[in-house]
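Here's the structure we're looking at; comments come further down.
Positions are given from 1, in the same order as the sequence printed here. Just so you know, these numbers use all the heavy atoms, side chains as well, and skip hydrogens, waters and symmetry mates.
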Amino acid sequence: MRAEQQNFGIDWQYYKGDLPAVEGYCAESSADDWSYVNIPHCTRYIIPDKFHAYEGVSWYKKVFVPTEDFKNKRVFLQFDAIMQSATVYLNGKELKTHVGGYMGFVVELTDYLKFGKENVLAVRSDSNGSPDFAPTANKGIDFQYHGGIYRPVHLYATDEIYITNELAEDEIAGGGVFVTNRQGDFFGKKAELSLQVHVRNAGDRPFTGKVCAEITGKQKKQSLAENSAVVMAETLISLEPNSAGYANLQVSLADVKFWSLENPYLYNITVKLYDDEGERDEVSLRYGIRTIEWKKEGLFINGKKQKSLHGVNYHQDIFGLGNAMTKEAIYEDVRLIKEAGIRFIRCSHYPHSPYFYEACDEMGLVCLNSITGWQVYVDSEKFKYNTIFELRQLIRRDRNHPCVVAWESSINEAGFTHEWGQMAHDASHEEYPGEACYTAAWRNGGDGAYPDIYLCAAQ
């Protein structure tokens, strides 16, 4: 079964500045040069008289003993975001370098973790921009991006047979659990869901088992005391050693409560993996059943045109803490936006915290989900690869959120080429196949090319 080391974000050490990486460790320095911090963390406390972001290198390290529950398991470390690029080391071994300050990434620690003794995790973060990935340099813009491990970090373990993390698997329209509405009968209150579950066998023996999906939620015909009904579906799966594959499940629901701005109802979906020895893995998510359609008249949700859909742009910072916003602060921002009569948020101009999309799902707001970038496009192979890869990762991460009604697959107010614009548009539709995927861009490829939604702006 899956296990997580609790409170992994507390009791880190922080050094502001660069140090040589000596055999994967930060070079020795005075203990007085390091401070104890908790994650999320911003590299500079932001006040009106000192509001500029720190642009430079920082080191983080954490000494920890892994829980005994992790023995004989696959162990993963997930960062929800580090600004702007980061290199991760464990016990002197460089494990991964990640670029891009707004998307999370996953590192597997299994082969380098030591049990019954202290492990040293070190992270070198660099908040400087780079021409190799968006947004390049932090110059001449009207907002800041602050350095540090500014979103949560998670340490968890799975059996050798497990449901994958979509950010760890480079699978087009895949990895993890992908849920879609196959059809919706609004008058009959029926819906058909399709679940695609990616399972990996990291062991050295063949695996045969089953994948089971449980969907719970209120049902209209039940009393309040019995307001949770279970709908189940299952299918068999077989995998060779050191391989991965998909299990596909179809689920029919009756007396459906459709997700809408007025009634943002969410179902609980739990996906479990079994074999003859019992349950091997389990993941859960919340899902709102709804349909969307963009027409010339506007946005239609569940076949109903959304009227007076006032919108706002949203940035991810807060007084004092910069980008290191807590879950509670993000939820309060979304609550205030809704209280002001706004129901549409443009995620300008980058992927936001997973908590943001959860809050929009719960409170009944919709958003235009955006990739990173503003003003600058670099026509190099590295820049093109990194921006398209981030777009793919964004869709994989957020595809199950009912609040996301379109993907902004363009770099804001930047002179990207039509070739790149078409690549981004096509990648979006590859990652989210079907009629429910809509791209948005501030440039128009013309002749029926990209995007699906044209964001009118001066060119």
Side-chain angles (χ1 to χ4, degrees), residues 1-12 38-40 60-81 88-91 93 95-96 104-123 149 151-169 175-177 195 197-205 207 209-214 216 234 237 239 241-244 247 268-286 327 353-355 358 396-397 400:
M1 283 294 294
R2 187 166 296 209
E4 183 167 349
Q5 189 144 335
Q6 299 299 313
N7 301 318
F8 198 71
I10 66 173
D11 204 21
W12 287 64
N38 292 333
I39 307 298
Y60 292 83
K61 65 180 178 180
K62 182 177 176 66
V63 179
F64 70 100
V65 177
T67 175
E68 291 298 304
D69 293 345
F70 284 10
K71 277 189 174 180
N72 302 316
K73 291 181 178 288
R74 315 298 298 187
V75 183
F76 300 91
L77 182 67
Q78 177 171 335
F79 294 94
D80 284 349
V88 180
Y89 305 85
L90 179 68
N91 297 326
K93 176 67 176 178
L95 300 186
K96 188 179 184 70
F105 63 97
V106 177
V107 185
E108 184 165 2
L109 308 185
T110 306
D111 295 336
Y112 308 100
L113 204 60
K114 300 176 182 178
F115 287 92
K117 59 180 65 176
E118 291 184 339
N119 289 253
V120 180
L121 175 67
V123 180
I149 307 177
R151 288 182 188 162
V153 57
H154 317 272
L155 185 68
Y156 68 95
T158 70
D159 287 352
E160 62 182 15
I161 314 295
Y162 60 95
I163 300 167
T164 65
N165 184 314
E166 64 278 355
L167 295 183
E169 303 286 335
V177 179
L195 284 77
V197 183
H198 191 235
V199 180
R200 180 167 293 281
N201 178 8
D204 56 7
R205 295 183 300 172
F207 171 80
K210 64 180 180 179
V211 176
C212 177
E214 300 178 356
T216 60
E234 63 180 47
I237 186 170
L239 295 170
N242 298 302
S243 68
N268 298 309
I269 299 179
T270 302
V271 180
K272 299 180 180 181
L273 178 64
Y274 292 95
D275 65 4
D276 293 339
E277 298 177 9
E279 186 176 325
R280 302 296 295 269
D281 198 11
E282 176 182 318
V283 297
S284 297
L285 59 94
R286 291 188 301 169
K327 177 180 179 180
S353 165
Y355 293 137
E358 292 177 10
R396 294 166 189 167
R397 186 193 69 172
N400 293 327

Taking every non-hydrogen atom, the tightest pair across Lys272 and Glu282: CE-OE1, 3.3 Å
Crowding at CG, Asn72 (>12 non-hydrogen neighbours, <6.0 Å): no
Whether Asp80 side chain and Ser353 backbone form a donor-acceptor pair below 3.5 Å: no
Sequence-distant partners of Glu68, side-chain hydrogen bond (donor to acceptor under 3.5 Å, both in side chains), two or more places apart: Lys71
Gap between atom CZ of Arg280 and atom CG of Asp159 - 0.5 Å precision: 5.0 Å
Note, Arg2 side chain near Val283 side chain (heavy atom, < 4.5 Å): yes
Which atom of Phe115 lies closest to which atom of Pro66, heavy atoms considered: CD2-CG, 3.9 Å
Donor-acceptor contact present, side-chain Gln5 to main-chain Val65, <3.5 Å: yes
Spatial distance of atom CZ (Phe8) from atom CG (Asn38) [nearest 0.5 Å]: 12.5 Å
Atom of Val153, atom of Gly9 and distance for their closest heavy-atom approach: CG1-CA, 4.1 Å
Spacing of CG belonging to Leu239 relative to CZ belonging to Arg200, to within rounding of 0.5 Å: 9.5 Å
Expected output: side-chain Thr164 to main-chain Gly176 donor-acceptor under 3.5 Å: yes
Taking every non-hydrogen atom, the tightest pair across Asn242 and Ala202: OD1-O, 3.4 Å
Atom pair OG1 (Thr67) and CG (Leu155), whose distance is rounded to the nearest 0.5 Å: 9.5 Å
Which atom of Tyr60 lies closest to which atom of Ile149, heavy atoms considered: OH-N, 3.3 Å
Student check: side-chain heavy atoms of Asn165 and Phe76 closer than 4.5 Å: no
Point-to-point distance, once rounded to the nearest 0.5 Å, from NZ of Lys210 to CG of Asp276: 9.5 Å
Note, Leu121 side chain near Val88 side chain (heavy atom, < 4.5 Å): yes
Residues which pass side-chain hydrogen bond (donor to acceptor under 3.5 Å, both in side chains) with Thr110, listed by chain and number, not counting sequence neighbours: Glu108
Considering all heavy atoms, the nearest Asp281-Ile161 contact: CB-O, 4.2 Å
Any donor-acceptor pair under 3.5 Å from Asn91 side chain to Asn119 backbone: no
Donor-acceptor contact below 3.5 Å, side chain Lys62 vs main chain Val123: no
